[in-house]
Every structure is written in C-alpha cells, then in structure tokens.
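Below is one structure, written out as structure tokens, with a few remarks after it.
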There are 2 protein chains.
Amino acid sequence: MSSSTGTLRVAVLDRDGAFIKVLGNRLDAAGWQHRVLGGIVPVEELVAMKINALVLDMSVLPPEEAWPYLERVCGMLPGLGVIICTNESTVAQRVRGLRLGADDWVAKPCHPEEVMARIEAVVRRRRRRSSDGDERGPLVVGELEIRADQYQAFVAGRSADLTRREFELLQALADAQGSVIERGEVYRRVWGYEMAHGDRSVDVFIRKLRIKLEQLSPSWTYIHTHFGIGYRFDPEPLDPSASGAPASAPAAPAAEPALEPADA
Amino acid sequence: MSSSTGTLRVAVLDRDGAFIKVLGNRLDAAGWQHRVLGGIVPVEELVAMKINALVLDMSVLPPEEAWPYLERVCGMLPGLGVIICTNESTVAQRVRGLRLGADDWVAKPCHPEEVMARIEAVVRRRRRRSSDGDERGPLVVGELEIRADQYQAFVAGRSADLTRREFELLQALADAQGSVIERGEVYRRVWGYEMAHGDRSVDVFIRKLRIKLEQLSPSWTYIHTHFGIGYRFDPEPLDPSASGAPASAPAAPAAEPALEPADA
DNA sequence: CGGCCGTGTGAAAATCCGGTTACCAATCGG
DNA sequence: CCGATTGGTAACCGGATTTTCACACGGCCG
C-alpha cells in the first residue's frame, strides 16, 4: 500500500481558488505541509522552502515567462518534483514541458487525490532530505557512528559536534559508499541545487569535516580526494608504523588491500 | 543537461496493434531499443531484459491479475520506470496504480510523442535516484577493469592511478571497442571540442596511458596505433614465448581476431 | 635509396585544482 | 540590541596535471 511517504512539503503555484482550496484541504488531511504561491517566485526562494514538489499551473505565468521559468526551476533544482497542472494544453506543450524537466503533466480539472498520488509517485523516485528526521538505522563505518536521527556522528559515544551542513555532507558522502562523487554532485545532494561555477563551499566544508573527524578518530582516514574529480568516502585505518607512539595499536591494518588513494 | 538521455531500452506490454505500431516507429526513429510483449511476462524475464522502462496497458491483463502483477513488478524492480497507458480509467484506479508503484498513467488515445516524453521524464528521475554511474557495471576488458564510478581502471584490485583525462581517454577508446578512432574524433569526445591543427595532446596522453597500463598489465597490449589514421582499443595478450629474449621482434603475430576472449 | 610525414619520447612551461586561512554575512539566543 | 555560532566568499600557495616543444624514430612513396 501507499507505504508511508511520510510528510511531504509541497508548494502550489496557482490562482484557481477552488482548486487551491480543495487541494489544500486534502493536503492538510494527509498531513503534508504546503504553501500556496500566487505568482513567480525566485528560484532562490524555492530553494529556501526546501520543498519536495511543486505543483504548477503554467497559465498563471505570463506566456513568455512560463517556459523559461520552468526550465530555470528544473535546472537549478534537479531534485525537485515538478507537476504541471493546467487547464488545456496541446501535445506539443506537454512534450515541451516534460522535456524541459517537468515530471508530470495533469490536465485540469483533476481530482486532488490523483494529483497527490502523482506527487507521491514523482517524489518516491528521489526523496529530498528535508528537515524531518529519518528512521534510518545508525550507520557504522570505521570507528565512526553516523546517526541520522541525531544529525550527528559519534566515536565511542563522543560527538563530533558537527553542524548541520557538516553532517549532511558527511552523510551524503557516506551514502555513496566507495564511489567517487564529483563536487557538483555533492553540492547538489547537500545544498539541493546546482553549484555555481567557482563555488568552493564543498572544499571548505570538506576541510571542516576532516578536522572534526580527525580530532575524534585520529587513526582513521575517511575522506579521500580524487584530484580533478571529487571525493570518496571510505574508512581506512591509518598505518601507525611511522608515527612515534600509537598508544593503542589498531591491531590489524591489513584489512583491505583496496584502492590506493591518489594523495601522498 | 537534461538531454542526452542516450539510448533507452523500453518494453511495451500491449495488444493494441495500431498503438504498438505507431509507438514502435517513433521509438525506432529515436533510436531507442524496444520490445513488444503480448501478455504477462514473469518478473524474472523483465529483469533479464535490462529495460529502463515498461509501458503497460492494464486492460490486456486479466482483471484479477493486473493489480497484483503491477505491484510485483514495481516491488521487484524499483529501478524500472513504469508508465501505464490504458483506455479509460477512474480516478480511483489511477490513484491505485500510482500508489502501487507506477510512475505515470496516461489515458489512451495518446500521442506517442507524449508517451516518449513521459518515459524520458520518468527515467530521468530514476537515474538521479541511483546516482549517476552507479548503473553502469564495471567494464572488463583483457585483465583490465574499467570502473566508471571510480573514474579509474584496475587490474586485480590495483589502481592504474589514472588522472581524469587519462581515464576519459581510456573510456572513450574502450567505448569504441575494436574500431579505429581518428585523433580528431578522440579529441572531440574527450576534450569536448574541435582539435586545433597540430595539437599533439592525444599522442601524449596515449603514451601516458600506455605506460600506466603496461605497468599494471605487462602481458597485454591495449592500444594499437593505426598509422595515418588514429588509435584502436583492443585488449590483446602479448605472446609469452619471446618473454626473456625477444631475438627478432616478430612484429606480426599473424592473426588478429577482433575480440580475443578475455580470461576470467 | 632518400626524404617526408606522422608518431614516440622526454621534459620544460603553463595551467588548473584543491588545501588552507582569513574574513564577512546571516542566523540564533539571550 | 549584542555576542556567539554557522555558512559562505575571497585570496594565496603549493603541488598535480595538462599543454607545448624539440627532437628521435620509423613507415611510406617516389
């Protein structure tokens, strides 16, 4: 069955009073958070809303603005589910909208229940991590314990004292277990939209993360740099041989003859 | 960018001759691979088809089978895009289908172009979910293992330590399996724009690649030069007889079958 | 057989990229 | 409203990577 999609955050960009009202009631009944927008909202604001999906009536936008706006929204927020819900339309228009990045196109009049089902279907494919905690079990990697429910990482019960962003970055990296992730992709997953050219935020936060992780777990390396590409998360015990006094030897460093990191 | 969906593999489960025919033509025109199914196909077979999406007409299935089948398919293949395309339906049915895991529901009659746009939209989403690169299995050639998700090539778990360009070059060559590619073409694929006259970058990188590959896999040759034309990627085991003292370089090991069966 | 053109090679020169630090802006709590 | 904390930007540095050169080598053609 519908399997708890949990609580979703939806924005409705429309002016059709009756539709808004009816849909709003249903959304409330389902416990979804929603907000109605009366006209074009800058993409930055959409970002700030941290919504999972946007229901959009193309006809409320000025004709010349509509398509570019749709393109901009979809381009900047690849993780956002976009459902076009408009009165009448031609095949060509629908195709265009879908090609530009919309996920679904429904013709009005439509039943709110169906709109919701379609939102669910769209969001099901890629759930944005929003402010609600997930019931994901604690992930243990190396001597690190990542607790999504706490927005925090621990080692032996001691907190790494990560800020929200730092934690999300860690989680994004850890979720990709073993694979190299490009900067842009990291940014997209953590910040939720496209990274601007020349943005160094990821690097800076990687550094902050590394510092805190190293402070907490000095004998392990977690984040590996792949020059020219991005980062890879992979817990690796640091070889204690060179250092002066590795008080508590981590026993077996011969764990995995895995991949040799590029750095030295 | 949203485009370059590349070539998709689609299965159509329907019996509506006209629809199948028209849609099939469009799919062919777009270069998508497709296959028509006449009735219920076991999920295992769907798995084996390695399709990206399934277009399904619920009405061709026996009424009692339809819903359970849909549920089974969606449950077993969470990565498969499912587009229901059926004659008439009620809101309740559509909601049910979407809740069960379908990604879209289109009413017949519908324009094939729109169906394709919707398939694209669905697949586009699916791809993001499993993060890029994850889908592409590691390519094994000779004793080389090319892992797109690592931006790296391995032999027996050892990394070749390729830089980004080197890796992209390798991938470009390997993608052309067996065919000779002109310098200009190689350059275009890897660097992304037209090669300037007299540019030797490709040669230099070919050399770097050869060195690293030979270091890792001494008994194989991977990149072949075609004088006056370009390069060809083709794993070829080096003749072991001349190992110690290659008295007279027997340049031509005679036969050159296109694809030498790789070991393990 | 000799020369020309295309390719292999090695290394210097020019870029690019990531690490790091300092600093400014926004947000939060009191 | 102030101070503390967090997020984001700018700039500099050092090292990795890419590009450019100059020359050696080898096949191809007249």
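Everything numeric here is computed off the predicted structure, so don't read it as measured data. Below, read A as the first sequence line, B as the second, and so on, with proteins coming before strands; counting in each chain starts at 1.
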Notebook entry, point to check: For the side chain of R200(A) and the base of dG19(C), is some donor closer than 3.5 Å to an acceptor across the two?
Noted result: yes
Checklist line | Separation of dC17(C) P from R165(B) CZ (nearest whole Å) | finding: 9 Å
Next item on the list: Run the salt-bridge test on D234(B) and R232(B) with the 4.0 Å N-O cut-off and return the result as yes or no.
Entry: yes
Next item on the list: Among L37(A), I84(A), V12(A), V73(A), find the one that has a side-chain contact (heavy atoms from CB on, under 4.5 Å) with L56(A).
Entry: I84(A)
Item checked: Per D203(B) side chain, nearest of listed nucleotides dA10(D), dG8(C), dG18(C) -> dG8(C)
Check: Given that T163(A) and S201(B) both sit by DNA chain D, which one's nearest nucleotide is further toward the 5' end?
Finding: T163(A)
Next item on the list: Nearest whole angstrom, please: distance from the P of dG18(C) to the CZ of F205(A).
Entry: 18 Å
Check: Which residue lies toward the 5' end of DNA chain C, R183(A) or I211(A), if each is placed at its nearest nucleotide?
Finding: R183(A)
Note to self: From CG of D199(A) over to P of dA11(D), roughly how many Å is that when rounded to an integer?
What the structure shows: 14 Å
Check: Got a sec, which pairs hit ring-ring contact (aromatic ring centres under 6.0 Å, His included) with one end in residues 152-175 of chain A, sequence neighbours left out?
Finding: Y151(A)-F167(A)
Next item on the list: Check the distance between dT17(D)'s C1' and D161(B)'s CG and give it to me in whole angstrom.
Entry: 12 Å
Item checked: Nearest-Å distance for atom pair CD/P, residues E166(B) and dA16(D) -> 14 Å
Item checked: the helix from dC1(C)-dG30(D) to dG30(C)-dC1(D): angle between end helix axes, five pairs per end, rounded to 10 degrees -> 30°
Next item on the list: Go through the side-chain N and O atoms of E236(A) and T221(A) and say whether any donor and acceptor fall under 3.5 Å apart.
Entry: no
Check: For the side chain of R207(B), counting heavy atoms from C-beta on, which of dG10(C), dG18(C), dG8(C) is nearest?
Finding: dG10(C)
Next item on the list: Report yes if a side-chain nitrogen or oxygen of R210(B) is closer than 4.0 Å to either non-bridging phosphate oxygen (OP1 or OP2) of dT9(C); otherwise report no.
Entry: no
Checklist line | H224(B) NE2 to dT7(C) C1', straight-line distance once rounded to whole Å | finding: 16 Å
Notebook entry, point to check: Only one of L77(A), L100(A), D103(A) forms a side-chain contact (heavy atoms from CB on, under 4.5 Å) with V82(A), so which one is it?
Noted result: D103(A)
Notebook entry, point to check: Any side-chain N or O of W191(A) under 4.0 Å from OP1/OP2 of dG7(D)?
Noted result: no
Note to self: Taking the basic N atoms (NZ, or NE/NH1/NH2) and the acidic carboxylate oxygens, is any pair closer than 4.0 Å for R183(A) and D199(A)?
What the structure shows: no
Next item on the list: Kindly say if Y231(A) contacts the phosphate of dG19(C), meaning a side-chain N or O under 4.0 Å from OP1 or OP2.
Entry: yes
Item checked: Atom pair distance, as rounded to whole Å: OH in Y187(A) and C1' in dG7(D) -> 10 Å
Next item on the list: By nearest nucleotide on DNA chain D, pick out whichever of F227(B) and K208(A) is the more 5' one.
Entry: K208(A)
Next item on the list: Write down the distance between CG (L169(B)) and P (dT18(D)), rounded to a whole number of angstrom.
Entry: 11 Å
Check: Using 30° and 60° as the class limits, which term best fits the ring planes of Y193(A) and Y187(A): parallel, tilted or perpendicular?
Finding: perpendicular
